[in-house]
Amino acid sequence: MRGFKTIKKQPTQPQSQSQYEVADVLNKLGSKLEDLGLNSWQLRTLFALKKCRTSALGGHIDACDECGNVSISYNSCRNRHCPKCQGKNREQWIENRETELLPVPYFHVVFTLPDVLNKTALHEPKMLYDFLFESAWETLQTFGENRGLKMGMIAVLHTWGQNLSLHPHLHCIVPGGGVDESGTWKNIRSEGKFLFPVKALSKVFRAKFCEKLKHQLSLKLNENQREKFTENEAGNYEKLRQSLWEKPWVVYAKKPFGSPKSVVEYLGRYTHKIAISNQRIRKIDAETVTFSYKDYRQKGIKKQMVLSHEEFIRRFAMHILPKRFVKIRHYGFLSSTWKRIKLKNLQQNLGIQPKEKALPKAFQPKCTCCKVGNLVTIATFDLRGPPSWFLEMSRNLPAPKSAF
């Protein structure tokens, strides 16, 4: 390190950083947040987002190993629902998946639940979302087994629509084939133009899901839980199950990707997404929040929506997943057990050299002053604030020069 420079930067706002944040809305609400009827886990998550990169979580002092500039940074909350904490995790996930690619067609398949299940999603999210994962995989597995093949799938749960409404669906990346009993790869379609007929997928998906709901009903009506589950509740449960057969369910499938690598980069957009990014928030005033969204009913035209602070946070909180709920799942020959044992052999049989997973890279942020050096942490502090020596040094620094 070349020694500290006695310069103090003008506080600037990076271009990639939004002017407004979800945390700003939480700060506007203040104590009213606890009056929204949210559960303890949702409140705990929102309080974490509110404290992210503030003095409440402590921080660290960094020095540039090139220009010597000293800067202060506050710690992040690392919550998976935080708009500011997903970039590093996304990049690491993409790197890991690139070592598992096969030289075969990949398809993007989306399984969507009908809106009549939204009420159930609010009251029993873990049960419903588990059923969604299981039903989607069992559907694809059934079609693969009809051809004597073991398939694979990576599925990512999203629960929102563009306007923050409840819209549970799975984004799935599915290789266009599978392995037979001998472990040999076989394409499902030689021309590779489509995976399976979507109408057939929809019918099987609906049947699988409704069967799980029916089984859940029978469990709740057993002798041990009969007192907790009244006849009225049982009737409502049965009406719900019957209404699921009134409309066709939606399964959407895209044509195969251009290359296997583009698959992972594409899915990387979905893996660590949250209900709304800070970049979509256009304005926050004393009463309302204005954010942009795409209206897919009108060919994706961009619009803006205005909500009260309470309604905005209520909608945001609907998409906070249950504690420890796994939102990215791997199935079949893409499951962790199968990959550990057989994936390398499959890659070699398909004519590609297996790649070893790179060791996790130590995060080394660049200096925002010189844009060349790396930042090295020289001190850490808790919520009581920076150490006295740093505060004394800051007071002795000359005033920054004007940029004009």
Going by heavy atoms in the side chains, are Met318 and Thr159 under 4.5 Å from each other?
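SC-SC contact between Met318 and Thr159 ruled out.
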
When Asn96 is tested against each of Glu100, Gln92, Glu98 for side-chain hydrogen bond (donor to acceptor under 3.5 Å, both in side chains), which residue passes?
Gln92

Mark yes or no: Arg282 above the aromatic ring of Phe291, with NZ or CZ under 6.0 Å from the six-membered ring centre and no more than 45 degrees from the axis.
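Judged by the rule (NZ or CZ under 6.0 Å from the ring centre, within 45° of its axis), Arg282 is not positioned above Phe291.
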
Is the NZ or CZ atom of Arg340 positioned over Trp338's six-membered ring, under 6.0 angstrom from the centre and within 45° of the axis?
no

Test side chain to side chain contact (heavy atoms under 4.5 Å, CB included), reference Arg53, set Cys82, Ser76, Ser73, Cys77, output is Ser76

Answer with yes or no after comparing the ring centroid distance for Tyr270 and His158 against a 6.0 Å cut-off, counting only values under it.
yes

Are His108 and Tyr266 close enough that their ring centers fall under 6.0 Å?
yes

Report the C-alpha separation of Asp295 and Arg297 in whole Å, then their side-chain angles, then the decisive distance to 0.1 Å, and conclude whether the salt bridge (Lys or Arg N to Asp or Glu O under 4.0 Å) test is met.
CA-CA 5 Å; Asp295 189 345; Arg297 294 182 180 179; 5.5 Å; no

Looking only at the side chains, is there a donor atom on one of Lys84 and Asn278 sitting less than 3.5 Å from an acceptor on the other?
no

Asn69 side, atom CG; Cys370 side, atom SG - distance, nearest 0.5 Å:
8.0 Å

Should Asp130 and Lys126 count as an ion pair when the cut-off is N to O under 4.0 Å?
yes

Can you name the nearest heavy-atom pair linking His319 to Ala275, along with the distance?
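Closest approach of His319 to Ala275, heavy atoms only: CD2-CB, 3.7 Å.
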
